[in-house]
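Counting starts at 1 for both ligands and their atoms, in listed order.
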Amino acid sequence: MKKSILTLLLLAPAIFLFAQKIGLSRVEPPNWWVGMKNPNVQLLIYGENIAKTDVVINSDKVRYISSTRVKNPNYVFLDLEILPTATAGSFDISFQLAGKEKAKYTYRLENRTLQKRGFSPADLVYLLMPDRFANGDPANDNFPGVRQTTDRANADGRHGGDIKGISQHLDYIQSLGMTAIWFNPMVENDIPIYAYHGYGATDFYKVDPRFGTQAELLKLVDDMHARDLKFIQDMVFNHCATDHWWMRDLPSDDWINTSKDFKTSYRAEVIADPYASESDKFRFSSGWFVENMPDLNQHNPLMANYLIQNSIWWTELSKLDGIRMDTQAYPYPDFMAAWATRIKDEFPDITLLGETWMAYIPFTAYFSGNSPVAGSYNSHLDCVTDFPLRYAFEDAFNEEDGWKVGTARFYYTFAQDFLYGNAYNNVTFLDNHDINRIFSVMKENVKSFKMGIAILLTARGIPVWYYGTEYHSSGWEHDGHGAIRKDFPGGWAGDAVNVFEQKGMKDTEKEVFEYTKRLGNWRKTNTAVQTGKFLHFVPENSVYVYFRYTETSAVMVVVNNHNIEERKFDGTRFNEILKNYKSATNIETGKKQSDLKSFTVPAKSVTIYELGK
Ligand code: CA
């Protein structure tokens, strides 16, 4: 008697279930690869009541390990092992109720693409915002149902730039001496405002259709690689958009952190601060970035795995040379280290760059891989963003040299490189998409601006060039992000100025453009600047001298920060390097001097000499 009651109780939900609708909307990652070092993959399955089904897989390619159900019955997480004997091909995942199939997904395993990856100090990286570079395909500007339509009159709106526009101007990018391109994110951002910048993902697995198709993206990557241009993709693990599809139906309460009313403090320094309170650390790591960007909880292992697999998926699919991780410090540091370790396991030569936006060097250095100042913590990053150097660029040329100011800012910045794991890998920049245009900060002084360019392209680090800096684009962040992310002139039909063709440009724009092009292409051929060691001398009399050198070659860089006076100086002070050389050729004028004791450099300038044996 008791037994039959139990049977009835067990059967009751089953009968109820037959009446319930079963749906299958998403499987992520949508495909995977054979030959990964980690044979396991965890699939997020989303669909109406999908957790109530039995998952059945009959395949000799995979072993079903387990499934994880969460609070929301519309999700199930499936752990599979891809067997060592598996070859590329497909298998079916069947979702059944009482032996009857209610939904099916044909899962595809692909072969991996074996290729060399990575970028290095030998590269010069062009950073561009895809919406703002060139509109190669006006037909994809709008789609029915997208939350924000294209409107160039709105500085914060979508402007229509796309993958095709980038593809059409690879010649241009390379003509400047660039060897890599870093793209702001291109995943779907179907949000009602600011839909253009890429940092508000609504689907981590989909190229925003206003940029183009996945096929177009993969074609762009192949075209770039065929030209020896490297591909660096921006990724965001810290947050998504409130319009992300899962926000309408979260898997569990701990999928995201806190609420829109609890914002981060943006004080990344608390991660390294030995006296930081737990409440400050909690607020920084668990607060929302802005009210329409929910903070993802990477301490939920399902979320952690989701993000890591997403980055592996894009890296394998789009043959990434590098990843630039947005807001590197904001997700939990232990998770970020685990991510870097895992992705390096699969792609040992990929280059990982973390955005570390902090003013002070020790805090920035804390996040560098193998940092000597991070105690037991190791981010395993290859590169961090050198914001402290950017701050030196901002101020040094606007002021007279002094003990701590002027060129001393460069001296002290580089002198603290012992705090980094490897400062040669620091990513250096004059501009980026989040900060005031350096031309405006430098009071639109062309001499100062060219000095910045010369230092960026010759000092240690991996220089990043933000699109538009080549024609000294100006703009202040306080006027809105649109002011520092202007449409590239010539990227839209009918543009009055076309920088791609150097038409309609002002004289100073042309001067800066030609200078950039000359130095960029020169850098591409100069081994000392690309791979050499760095040696500098304490600034004296407004002059700061540094060298890049290898066993067989050297470049001497002389920065004269005095506004009106040329400087003559005795080269004997620099004999550590100069003793090995017999001549110095000014790379700008072509003038060669054999007397290495007597140098004369103009006021407010950077003079670059190639040393000859
Ligand atoms: Ca377009």
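For the Ca ion (ligand 1), the nearest N, O or S atom contributed by Asp162 is named OD2. Looking at Asp141, its N, O or S atom nearest to the Ca ion (ligand 1) turns out to be OD1. Nearest N/O/S atom of Asp137 with respect to the Ca ion (ligand 1) is recorded as O.
Shown are Met235, Gln309, Gln233, Lys319; of these, the side-chain contact (heavy atoms from CB on, under 4.5 Å) with Trp314 is made only by Met235.
At a cut-off of 3.0 Å, Thr150 is not counted among the residues with an N, O or S atom near the Ca ion (ligand 1). With 3.0 Å as the limit, Gly212 does not count as an N, O or S neighbour of the Ca ion (ligand 1).
Electrostatic pairing of Arg117 and Asp321 does not count as a salt bridge here, judged by no charged N lying under 4.0 Å from a carboxylate O. A salt bridge links Asp431 with Arg390: at least one charged nitrogen is closer than 4.0 Å to a carboxylate oxygen. A salt bridge does not link Lys164 to Asp162: none of the charged side-chain nitrogens sits closer than 4.0 Å to a carboxylate oxygen.
Counting non-hydrogen atoms of other residues, nucleotides and ligands closer than 6.0 Å to CZ of Arg26 gives a total above 12.
The Ca ion (ligand 1) is the vertex of the angle joining OD1 of Asn140 and OD1 of Asn135, which measures 140° to the nearest 10°.
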